[in-house]
Amino acid sequence: MIIYLKFGRLMMKINIILPTYENTELTLNCLKSIKDNADKNYEPNIIWVDNNSSKKSKNIINKYLNENLSYDKIYLNDLQMYLKTHGWT
């Protein structure tokens with residue numbers, strides 16, 4: 001969690017790790033729920049960990065994320081390095 005000021009308001013940025021493999025509809029429902037339930041005091045950042053989903057599934061999820069939420073995309077085999085570089089291990 002990161003706390004910062006945005007337009008004079010105290011904000012929290014919350015990282016949510018979302019591992020996926022296919023299940024596009026379930027993943028989209030999860031992302032929509034995160035977006036719909038975020039309030040004005042925190043900003044969710046999705047850490048999308050893809051485990052080699054199909055290109056079609058990746059494109060659908062990527063499009064939704066680009067239009068709606070802040071995110072980082074990583075592949076499952078890069079997860080440990082990503083966590084280390086952000087000081088989470």
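Numbers here are sequence positions counted from 1.
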Applying side chain to side chain contact (heavy atoms under 4.5 Å, CB included), name anything that partners [X], two or more places apart in sequence or on another chain.
{"X": "Asn37", "answer": "Ser33"}
{"X": "Asn45", "answer": "Lys13, Asn15, Ile47, Ser70, Asp72"}
{"X": "Asn68", "answer": "Lys35, Tyr64"}

Open item on the list: To check you understand the geometry: which heavy-atom pair defines the closest contact between Ala38 and Tyr42, and what is its length?
Closed with: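 Here Ala38 and Tyr42 meet closest at CA-OH, 3.3 Å.
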Open item on the list: Strictly by salt bridge (charged side-chain N to carboxylate O under 4.0 Å, His left out), give each pair with a member in residues 56-66 just once, sequence neighbours left out.
Closed with: Asp50-Lys58, Lys63-Glu67
Task: Interatomic spacing from NZ in Lys73 to CD1 in Ile46 - rounded to 0.5 Å - done: 14.5 Å
Please list, one pair per line, the donor and acceptor atoms closer than 3.5 Å that link side chains of residues 16-30 to other protein atoms, with sequence neighbours excluded.
| unit_1 | atom_1 | unit_2 | atom_2 | d |
| --- | --- | --- | --- | --- |
| Thr20 | OG1 | Trp48 | NE1 | 2.8 |
| Glu22 | OE1 | Ser54 | OG | 3.2 |
| Glu22 | OE2 | Ser54 | N | 2.5 |
| Thr24 | OG1 | Ser57 | OG | 2.8 |
| Thr27 | OG1 | Asn23 | O | 3.0 |
| Asn29 | ND2 | Glu25 | O | 3.4 |

